J.: 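Handing you a structure now.
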Protein chains: 2
Amino acid sequence: MAAKSEQTRQLVADVALMMFREIGFEKTTMRAIAQEAGVSVGNAYYYFASKDELVQELYVQVQDEHAVVAAQALEGVHDLAGRLKAVLHTGIDVMAPYHQFGADFIATAIRPSSPVNPFGEASTAAREASLAIFRSAVEGSSPAVAKKLRGDLPELLWLAYMGVALFWVYDRSEGQRRTRKLIDGAAPLLARGLSLAKIPGVSKVFDDVLGLVRSVKEDS
Amino acid sequence: MAAKSEQTRQLVADVALMMFREIGFEKTTMRAIAQEAGVSVGNAYYYFASKDELVQELYVQVQDEHAVVAAQALEGVHDLAGRLKAVLHTGIDVMAPYHQFGADFIATAIRPSSPVNPFGEASTAAREASLAIFRSAVEGSSPAVAKKLRGDLPELLWLAYMGVALFWVYDRSEGQRRTRKLIDGAAPLLARGLSLAKIPGVSKVFDDVLGLVRSVKEDS
DNA sequence: CCACATTTTTGAACATGTTCAGAAAGCTGG
DNA sequence: CCAGCTTTCTGAACATGTTCAAAAATGTGG
């Protein structure tokens, strides 16, 4: 029965996440986690190869929750601006309990070698899930997004979301009010900006931007 | 005579920077720095309160060099796209020797508590210097940038530069070719995009973007 | 030149992430 | 039920960033 093993793993993860939330990243030492969970330090390492992997656990959990909450918030909202707001606000919502932890999280995540790195391999599943949210936000919107943008837009929005998350980490205003403001302001603006793609002079710029994005993405 | 003291400080800094460049951040242990410099570990800490402060030293040095090289590269270039390219390319140039170190540097820098954090207090001077480069790039360009953009543009470009630096860190292509490509593609595009500010329908969007930037920046 | 104060230097000690050899517990085919 | 194998678990040991009490070197007023 794998249940016992899984139980220990969960116990360690749960204790770790709770402590990250309650007392922050640095004070949550591996020894403290082990003690609180009633296992040895080595045992914690048997399930998680590093402290970073515990952070990864948190990342996955938060992303999962975001997917659920965002899908709910998208119901009945059809305009792109509203849908963007929904996805971004719920994103901030699920991260909220970890705000004080955010800086350490990002410092961990940004390391290419880290399992938590959102661009890295270990996070492929979580990233795909997150991307799917934005894809759904774009595809389900009406009036529809210009066809030529539809393919790349979700990925660009996800990238922008990473930027918003970064902003949020630094946002010391009460309840991260400024981030909320940024979202509320930027979402309609972006939606409006995209609708300009029709204007002849502007359309060319859009094409070039897309071309650049694609060429840089595919290396070559 | 303060010379002896300053000499030790410089020695430690020089050895540290050299080792960062040669063998990377993690392998450059405080003990190794001390040994290589022929001082005790405690002595290194007498001059630098933390390993992070040695990274800060590197940051300042690189920024200083960027200011010099960029000013040179700006001479005789008048169009905004060209000036942007000059500033960005020289930025990458001065960072180049530290590419493998980049990820660790950014992981360090991104922590709000870190002295290296580009938004933080300890980096005010370095940030101002860097901002000044972009201000000069914008102000010295002809045809001139639309007046209403001129004030905020340097700061936004600096922000974009942080983004480019981030991209560069992750860029594993040979000689960071992709980053160069991004710069070459994005600079003219941005310049052209800005020139659209004249078109009535687009102008409004620009105003709103500026309004948002200002309102978020000033908190409230 | 001396006594005292200040600056600089030292190295041992500490906390923390991580590793590892081996113990304990659980499982499996006979 | 047992011998051997695998999984799980333990705690000591290690490397590294950091701290600190005390020593050494330097500077200073008399």
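Lettering of chains follows the sequences in order, A, B, ..., and the numbering in each one begins at 1. Note that this is a predicted model, so its numbers are computed, not measured.
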J.: Closer to the 5' end of DNA chain D via nearest nucleotide, is it B/M30 or A/Y47?
T.: A/Y47

J.: Out of C/dA13, C/dT9, C/dT16, which nucleotide sits closest to the side chain of B/T8?
T.: C/dT9

J.: Closest nucleotide of DNA chain C for A/K27 versus for A/G42: which of these residues is on the 5' side?
T.: A/K27

J.: Of all heavy-atom pairs between A/E57 and A/A13, which one has the smallest distance, and what is that distance?
T.: CG-CB, 4.0 Å

J.: Among the candidates C/dG17, D/dT16, D/dT7, find the nucleotide nearest to the side-chain atoms of A/Y45.
T.: C/dG17

J.: Send over the distance from B/Q7 CD to D/dA25 P, rounded to a whole Å.
T.: 17 Å

J.: Taking atom types as modelled, find out whether A/Y47 and A/S5 have a side-chain donor-acceptor pair closer than 3.5 angstrom.
T.: yes

J.: Would you say A/Y46 reaches D/dC9's phosphate, i.e. side-chain N/O to OP1/OP2 under 4.0 Å?
T.: no

J.: Measuring from the side chain of B/S40 (C-beta onward, heavy atoms only), which nucleotide among D/dT8, D/dG17, C/dG11 has the closest atom?
T.: C/dG11

J.: Which nucleotide in the list D/dC14, D/dT18, D/dT8 gets nearest to the side chain of B/K51?
T.: D/dT18

J.: Looking at A/F20, A/Y98, A/F105, which hits ring pair (Phe, Tyr, Trp, His ring centres under 6.0 Å) with A/F25?
T.: A/F20

J.: Using a cut-off of 4.0 Å on non-hydrogen atoms, how would the nucleic acid contact of B/V41 be classed: base, sugar-phosphate, or nothing?
T.: base

J.: Counting only side-chain nitrogens and oxygens, does A/S50 get under 4.0 Å of the OP1 or OP2 atom of C/dG17?
T.: no

J.: Within this structure, what is the CG-to-C1' distance between B/L11 and C/dT9, rounded to whole angstrom?
T.: 14 Å

J.: Are B/R177 and B/D171 ion-paired here, with the side-chain N under 4.0 Å from a carboxylate O?
T.: no

J.: Can you identify which nucleotide, out of D/dT10, C/dG17, D/dC9, has its nearest atom closest to the A/V39 side chain?
T.: D/dT10

J.: Indicate yes or no: at least one non-hydrogen side-chain atom of A/S136 is less than 4.5 angstrom from one of A/L74.
T.: yes

J.: Rounded to whole Å, how long is the line connecting atom CG of A/L54 with atom C1' of C/dG17?
T.: 12 Å

J.: Looking at D/dT7, I'd like to know if its phosphate oxygens (OP1 or OP2) sit under 4.0 Å from a side-chain N or O belonging to A/S5.
T.: no

J.: Measure from CZ on B/F48 to C1' on C/dT8 and round the result to the nearest Å.
T.: 15 Å

J.: Measuring from the side chain of B/N43 (C-beta onward, heavy atoms only), which nucleotide among C/dC14, C/dT8, C/dT16 has the closest atom?
T.: C/dT8

J.: Nearest-Å distance, CZ (A/R31) to P (D/dT10)?
T.: 15 Å

